[in-house]
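Notes for the one structure printed next.
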Amino acid sequence: MPIDPTAATTATAEVEVALHVNGEPRRLRLEPRTTLLDALRDTLELTGTKKGCDLGACGTCTVLVDGRRITSCLTLAVMHQGREVTTIEGLGGNPEGALHPMQQAFVDHDAFQCGFCTPGQIMAAVALLAEGHAGDDDEIRRWMSGNLCRCAAYPNIVAAIAAAAGR
Ligand code: FES
Ligand code: FES
C-alpha cells in the first residue's frame, strides 16, 4: 500500500490542548502523540514529575487528574482537555512554598534517599488517602505497590503515609 504523505503530516500536526494545571488555565500547542508527562516536563517546565521507565511500570510520573492518580507517561495530553491536573509543584497550595501534610510527613519520617521516586510516591499517597486505602500498613503497601523505590525506602514511606492518615 503506498504511503499517504498527507496522512503523515496530519499525524504530527500540532493541536491546541487546554488544561488546568495546578489551578491555572494553560493552553498548549502539542503534537497529538505528546504524553501528559512530556507536556508537563518539556512544555510547561514542571520537572517535579519524574520520568523513570516511561512504560507505566514504576509510578514515578504519577500526577492527579481531577483528583485521581494516573501514570502520566501512559496517557496523552490531548485526552485531558479541560481537566484539572495537579503535580507535586501544585500540592502545597498557598502560601507558596508551604508543604502539603503528606510532604511534611515524608520529611518527618525520612521517607526518601535519592528522592527520584518521591514526587510520584507523594502524589500516589495523597490519592490513596482520598480513596480510603490507608486502613493499616498492609493496605498501604498494597495500594502503593505501583510506585517503586530503587532506594527501598518502603518502611519509611509506609510510616509517613500512616502518620498522614492519623495513625
Ligand atoms: Fe511513568 Fe514509570 S515513568 S510509570
Ligand atoms: Fe531513591 Fe526512591 S528514594 S528511588
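As the structure is a prediction and not an experimental result, all values here were calculated from the model. Every number for a ligand or one of its atoms is a count from 1 in the order of the listing.
Heavy atoms from other residues, nucleotides or ligands lying under 6.0 Å from CZ of Arg68 number 12 at most.
Atom CE in Met144 sits 10.0 Å away from atom SG in Cys149 (nearest 0.5 Å). For the atom pair OG1 (Thr87) and CG (Leu40), the distance works out to 6.5 Å, reported to the nearest 0.5 Å. Note that CZ of Arg150 and CD of Gln113 are 12.5 Å apart. Values are rounded to the nearest 0.5 Å. With rounding to the nearest 0.5 angstrom, the CG atom of Leu91 is 9.0 Å from the CE atom of Met102. Note that CD1 of Ile88 and NZ of Lys50 are 10.0 Å apart. Values are rounded to the nearest 0.5 Å.
Under the 4.0 Å criterion applied to side-chain N and carboxylate O atoms, Arg167 and Asp136 are not assigned as salt-bridge partners.
Between Trp143 and Arg69, the shortest heavy-atom contact is O-NH1, 2.9 Å. Closest approach of Ile157 to Ala111, counting heavy atoms only: CG1-O, 3.5 Å.
Protein N/O/S atoms found under 2.8 Å from atom 1 (Fe) of ligand 2, listed by chain and residue number: Cys114 SG, Cys151 SG.
Legend: protein N/O/S atoms lying under 2.8 Å from atom 2 (Fe) of ligand 1, waters omitted, number 2.
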